[in-house]
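Scope of the values below: all heavy atoms of this structure, side chains included, with no hydrogens, waters or symmetry mates. Here is how names work: the chains are called A, B, and so on, in the same order as the sequence lines, proteins then strands, and each is numbered from 1.
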Amino acid sequence: MQRTARRKATIGISSNSDIGIGPYGDSLPVPVLTSLAQIAVALRILPMPPNTVDYKHTLMLPRTSFPMRASLAKREPKLLKRWDDLGIYDRLRQKSGRPSFVLHDGPPYANGHLHIGHALNKVLKDMVVRSQQMLGMDSRFVPGWDCHGLPIEWRVEERYREQGIGKDEVPVLELRNECRQFAAKWIEIQREGFQRLGAIGNWQAPYLTMDFHAEAVIAAEFMKFVMNGSLYRGSKPVMWSTVEKTALAEAEVDYEDHVSASIWVRFPIDPEASRDFAASGMPQDAAVLIWTTTAWTIPSNRAICFSPKIDYALYEIRDVPEGNWARRGELLIIAEALVDSCMTAARVRDWRRVRRVTPAELDKLVCSHPFRGKVPAEEPPVNRWDYPVPMLPGEHVKDEAGTGFVHTAPSHGEDDFLIGRKHSLPMTHNVTEDGRFRSTLPIFGGLEIYTSSGQEGSANSVIIDNLICSGHLTARQKYKHSYPHSWRSKAPLIFRNTPQWFVSIDKVLDDGKGTLGDTIRERALEGVLRHVKWTPPTGMSRLHSMLEQRPDWVLSRQRAWGVPLACFVRKDADMGSGDYLLRDEAVNARIVRAFGNEGADAWYQDGSRERFLEGLYPPEEYEQIFDILDVWFDSGSTHAFALRDRADGTEDGIADLYLEGTDQHRGWFHSSILQACGTTGRPPYRGVLTHGFTLDGNGKKMSKSLGNVVAPQAVVEQHGADILRLWVAQSDYTSDLRIGPAILKTAIENYRRLRNAFRFILGNLHDLSTDQMVELDDLPELERWVLHRLHELDQKVRDAYVRYDFRAAYVAIFDFLNGDLSRFFFDIRKDRLYCELPTGIPHRATRTVLAILFNHIATWLAPILPFTADELWLHRNKGEDSSIHLVDFLAVDDRWRDNSVASKWKSIRRIRRAVNAEIERQRDMKAIGSSLEAAPLVYVADQEVREILRSVEFADICLTSQVIISDALPAEASDINPAPEVYVEFRPAVGEKCARCWKTLPDVGTHEHPAICERCDTVVSQL
RNA sequence: GGGUCGGUAGCUCAGUCGGUUAGAGCGCACGCCUGAUAAGCGUGAGGGCGGAGGUUCAAAUCCUCCUCGACCCA
């Protein structure tokens, strides 16, 4: 309806003198509708007159079975099946003479469904694998899974618990088998999910850390640390879960808010034990005030730390409420910056600063424990608190919270441990693995710190009660702070002193692998700096600074599901002595062989100690170690069993690329480089690519509670894997990636444009045979320009893929297809494609270029959109064995490169834009609709450019019926100052509209077919 | 609290060694076409570059501080 109204308006204007006669005077009235009947037809009031031929049938309109709607969710599984049947991955391996490229898969943990982060990671990997292959490499990808470890063991235990079975009642081999089954189940689910994303690889034979071979290699790799002397057994406070009854690795710890009872406790000065006390002038009854959030560590206190950088002072309490813990007249040493908060907490109404207390004074002081004298002297010393509590300087002490004094229990804190070691403080063993005080401890024996379900036990309150009784508590307050929790059980953790196995990363290794350095740390640091290419480059400093600071590697876990630290220790030897750890290649070989055949379960079989030692050492003199290895050791060893030992690994056991999220600087990149530097002397990778994390559409972390989680499965089912992949390609993976409905919409829209542009190409290629293609020399200049652009793009796209810059590749392709082709080339050439004689050179020339474009662009897209690219490919390349994924990026012909054509067409497009602008103005004024109604006059000041315009079919290029290139600036523009470089004057096209090509030309009506132009007349008569 | 990184139009991103009026695509608005049609084409409106200082003739680009977000660590 609207259309008719507009037509009316146009005619109305044409009858008006402002356009019809116009400023030029000599123009014909517009539009050229000369009879009522024509008007009626134009208005769609009357049908086409019976004597008018419908020339539509004489056109070569696009024809294709390539659907506009992708229906990716349905189509993709079919393509996957086809690729599987074809064995694409294996076929690619048969291409010989190619340099090898191996992206080594970082193994995801085999529990739970895939989330969007998994999908991002695997899609990026796939883009690398596919693009490297198409760049000419033999690009292999062996997917892997991380199978051992606490989360799986925990889930299996949970199942037992649901049946009312405690974990200690389950035989270890049965438990391990359950874990194995559990992992296997999730591997299947995840494998299917990854494959659905289009990831290509050796999915038939992935590597698993629980494969027997892998378990044997992991044990063998561990033995290298046994043999090179870097393994030692030490005692260390570690994060300990009283629920899981195990030490946790850093990666297994979550920090969450937790409310603790914080207490201020006075430690009376012991004048007897302090040095030079008499001369110090310090009052005998002064006390040092400490603050702690872990009351349960008080019985294990061995020192108090102060900072030499903090100002301290002695304060006298002058006024307190009745019955207050802090007493009137009391003398306390406190950091000056914290005295206000301390006094407030202690409800002190008035106090006085007596004098400054210097670090030198503090250094000489010794305090007594609040529980001194509580236990009868008959008890052994280890059960009494009568020991001196020295004051020690410590850099870790801050004056931001508390009192400026840190109560120090060497067995229950990292800093405490270091200070304790430095000053030879005794380690205490007061807390057992179930989170209770040892039963032999007076007063508190058997009290729970945290219960087996993670609740707070009675230990804290009993200790606080005792402090109140003995008059040592000054204040208490609830304190909310970030506190470590188990990532699995969410229970709060404690620091607990436990025997653990460590790898010393600063021990000089005499293993003949010292090219990069003598210690693991030196080698890793040197490797990071000089032997790894980082994408983006910032990854380097991140890993480097972590490696610089990290402490020794704690390898042992007191769990069941993993590879044991397969070694023996002498029962009668001291932990520090040289013969404590059994180092024997023959024993090791037995163990590795057994693991290879039976898996690490062999370690847990009855009689395994005898089996491995018999004939070599007296078994009864040795203790078998049943701790298992940190799972990071497993994954840190993947290079050994997945690269070094596999035929489809790499020759030197080194990967070309590791590709993971930035969290893996602490994780896999880290454990792998430590492991490899200890066993091979260098990093296991030549390149590392890191990507950011996935956030929701607003840049917030995804969480179930916020309901902003985007599941990859949902995207794939709704829109298709190619849409998800396009989202990856259009994002900058070096920082965090956002995903949400609006962002996916962008990907969908862009996908449609890509698809439709290809549909147009396919539609115009439908019956093109190779013999119709024309030679380069026969191509019109516009076609030559397109090939020039294609040549440029080829370099750009390849460079981008080499840099793993998929976004740059995608943007280049998309902009070319959109900006240069759809909007320019296609629009202009529709006339030739539809109207010219199919056997003629102009028609064939354009189609030749379309065919070339199709092949190149489709292959460029294949690493990003493997499904759509192959769907496209199969429309042009039928055949049972055909697939775009079996070809490389196509070579370009260097003759396509023509910089003179390029600069020429740059000018042409500039002038064309000016013409477009003028036509748009006329449209706004309702003077014309289609640009074919125009025949503008174009003046260009530069004569060279004028010549260029005359040398091409500029009217076609502007989509106008005719164009006049003028040497002179039209009179009405001559007063514009400064004189315009380009001036376009609108003129209506002269003549009648050709019923076939719709151009308005003067010769229409003078040919055999009266309704069409000369070109069309010629074409039609030859059809 | 510390380390690393990031914050440019509604969205996704460019922006070289500091140098005209900060760019592109998508989306949006308006218009055209109806022979790429649940398509295609054109035109346009949107930001002053997270904030505040500073260096400089000149800062989105360099420096300092702050803020927000992410990862890692405490």
Categorize [X] for me: base, sugar-phosphate, or nothing, with a 4.0 angstrom heavy-atom threshold over every strand shown.
| X | result |
| --- | --- |
| A:A757 | base |
| A:W727 | nothing |
| A:L59 | base |
| A:R996 | base |

Mark yes or no for a side-chain to base donor-acceptor pair under 3.5 Å between A:K830 and B:A36, with no hydrogen or angle criteria applied. yes
Candidate nucleotides B:C41, B:G25, B:C72, ranked by approach to the side chain of A:D663 - the nearest: B:C72
Candidates B:C11, B:C41, B:C71 - which lies nearest the side chain of A:D827: B:C41
Would you mind pulling out the nucleotide paired to [N], Watson-Crick or G-U wobble, both distances under 3.5 Å?
| N | value |
| --- | --- |
| B:G40 | B:C32 |
| B:A24 | B:U12 |
| B:A52 | B:U64 |

So that I know where these two stand, are A:Y810 and A:F814 an aromatic pair - ring centroids less than 6.0 Å apart? yes
Taking the C1' atom in each of B:C11 and B:U56, what is the distance between them to the nearest angstrom? 36 Å
